[in-house]
Protein chains: 2
Amino acid sequence: MATDQTRTAILNAAERLYADRGFGDVTLRDIVAAADVNLAAVNYHFGSKDELIAELFVTRSIATNRARLNELKAAEEAGGGRADIDAVLRALVGPTLRGCLGPERERSTAARFMIRASIEAVPPIRRIRNREIDHLRKFIAAMRRSLPGRSDVDLYWGLHFALAMAHQTIRDSERLTKLSEGLCDLDDVQGVIDRVVAVAAMALTEGETARKAPAKLVAQDARR
Amino acid sequence: MATDQTRTAILNAAERLYADRGFGDVTLRDIVAAADVNLAAVNYHFGSKDELIAELFVTRSIATNRARLNELKAAEEAGGGRADIDAVLRALVGPTLRGCLGPERERSTAARFMIRASIEAVPPIRRIRNREIDHLRKFIAAMRRSLPGRSDVDLYWGLHFALAMAHQTIRDSERLTKLSEGLCDLDDVQGVIDRVVAVAAMALTEGETARKAPAKLVAQDARR
DNA sequence: TTGCAATTCAAACATTTGTATGAAACTATG
DNA sequence: CATAGTTTCATACAAATGTTTGAATTGCAA
């Protein structure tokens, strides 16, 4: 097993197929056909389909988290231990957005696979994903250093919204393109990142409006 | 077929099961067991599994869209044809958030079903969902009336982000609760709506920052 | 080369799933 | 009551899918 070429071929083919078509309708036979290996190879090398998926996911999780943390660390070191909130948010959403958007050829299979994973949440993945919480806590900590005066609740919501916007932009880029008839340029990755970061940062730095908004105002009360 | 009770039982059981467990792992046999009807009844009454799903989805789509438009119309009439941007956004995200969050008993199966549908995007639904674009255009129009000076691109992004935050909050409410260790109260539906609306409105009304942010700033450039 | 372990392969298996069938039960109408 | 149309039911079918099996092949060390 000098080169593990069969294993690798399976991993690559599986990642690409899952990224393109989702977990729902990719069968082992699709994978082995794409990898040009025998059907039984998957069970021989990975044990089961679920274990194959799990291995893909842990590998990519580690890589994504490392990319995020590298960017965060670089920003904090440049700022002497405290990074600008924009930089923190950029480190959070940048890696995934860069991997998933942009002109066709630049998109990374790995990033698209991770998005699928976060969308479909198939059982073998759901079991693992709890660790992500710990990873996100590191960003909460960085945000706390960046905005010492801000309440934790606001930080949690800010991180949540930042991820929401980034995530949904990837997920539903097609709808946004159609809706805007091409006006919203999703190939301008840096522009998208700037937008997401700007809105999330605004939500985190603007006055307490988000928390003190009139709680009882519903549509019918709208001022005339 | 006086009461259509079999049809209705199937629809109810299917909606609940799909809302709870997703389309992926709910079989016709699960549905007929829950509805206490014969297996063949589904094909008899709906033709196929896909047609059953499609019927559920169109019914609920129409209802959701109507709820949104009612709230929008009420707000615009109260404002003499032009609603506050907050009210427009509230009409957009309110109905779904109210249906999906809040204390266990108040959640609506219908709303949760719609979220599933928007997440899993199973083929029979994907074919129909294009119509949603037309529905969202009505909100773009209302937003344009509310913020006449704003560029269309900003409006599209604002609507996109509002839906993203609302949607993701529903989808990943569990993660937010865990991450914040309960600090973020998702049972306070009105509070959540206020937050989402406030952030989206801020993104839409604040200066052109979102568009004029330094386009080349990446993490490594963060000011020291 | 020989022998042994690792790997690959074709084939088969056991389930699961959506759908189809034809008989039985039911309902309403004459 | 009788009959025609509708609905329900048990059962069967075909296709798809993850997994297993045992033989064949390969690679490498003695």
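These values consider heavy atoms only, across backbone and side chains, with no hydrogens, waters or symmetry-generated copies. To find a chain, count down the sequence lines: A is the first, B the second, and so on, and within it residues start at 1. Computed from a predicted model, the values in this text were never measured in an experiment.
- Closest of all the heavy-atom pairs between A/Arg171 and B/Ser118 is NH2-O, 2.6 Å.
- Across all their heavy atoms, B/Val93 and B/Ala162 have their closest contact at CG1-O, 3.8 Å.
- Note on B/Glu71 versus B/Arg98: salt bridge recorded, some NZ/NE/NH1/NH2 to OD/OE distance being below 4.0 Å.
- As rounded to whole Å, 18 Å separates atom P of C/dA6 from atom CD of A/Gln5.
- At the phosphate of C/dT8, OP1 or OP2 sits under 4.0 Å from a side-chain N or O atom of A/His45.
- In this structure, A/Leu89 and A/Val197 approach most closely via the heavy-atom pair CD1-O, 4.0 Å.
- Checked against the 6.0 Å centroid criterion, the rings of A/Phe23 and A/Phe113 qualify as a close aromatic pair.
- Between B/Arg68 and B/Pro95, the closest heavy-atom pair is CG-CG, 3.9 Å.
- With no hydrogens or angles considered, no side-chain donor-acceptor pair links B/Asn43 and B/Lys49 at under 3.5 Å.
- Salt bridge A/Arg195/B/Asp154: present, at least one basic N to carboxylate O contact under 4.0 Å.
- Nucleotide C/dA20 holds its P atom 16 Å from the CZ atom of B/Phe46, rounded to whole Å.
- The pair A/Glu76-A/Arg145 meets the salt-bridge criterion, since a charged nitrogen lies less than 4.0 angstrom from a carboxylate oxygen.
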Under 3.5 Å, N/O pairs linking protein and nucleotides 18-21 of chain D:
residue : atom : partner : partner atom : Å
D/dG18  : OP1  : A/Lys49 : NZ           : 2.6
D/dG18  : OP2  : A/Leu28 : N            : 2.9
D/dG18  : N7   : A/Arg29 : NH1          : 2.9
D/dG18  : O6   : A/Arg29 : NH2          : 3.0
D/dT19  : OP2  : A/Asn43 : OD1          : 3.4
D/dT19  : OP2  : A/Lys49 : N            : 2.8

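- Residue A/Thr6 places at least one side-chain N or O closer than 4.0 Å to OP1 or OP2 of C/dT8.
- Contact check of residues 9-21 of chain B against DNA chain D (heavy atom, cut-off under 4.0 Å) returns no residues at all.
- Near DNA chain C, meaning a heavy atom under 4.0 Å away, there are no residues from residues 51-60 of chain A.
- Between B/Phe161 and B/Tyr156, the distance from one ring center to the other does not fall under 6.0 angstrom.
- Computed from coordinates, the B/Phe23 CZ to C/dT17 C1' distance equals 17 Å when rounded to whole Å.
- Between A/Arg7 atom CZ and C/dT7 atom C1' there is a gap of 14 Å when expressed in whole angstrom units.
- Ion pairing of B/Arg21 with B/Asp30 is present here, as a side-chain N (NZ or NE/NH1/NH2) and a carboxylate O approach within less than 4.0 Å.
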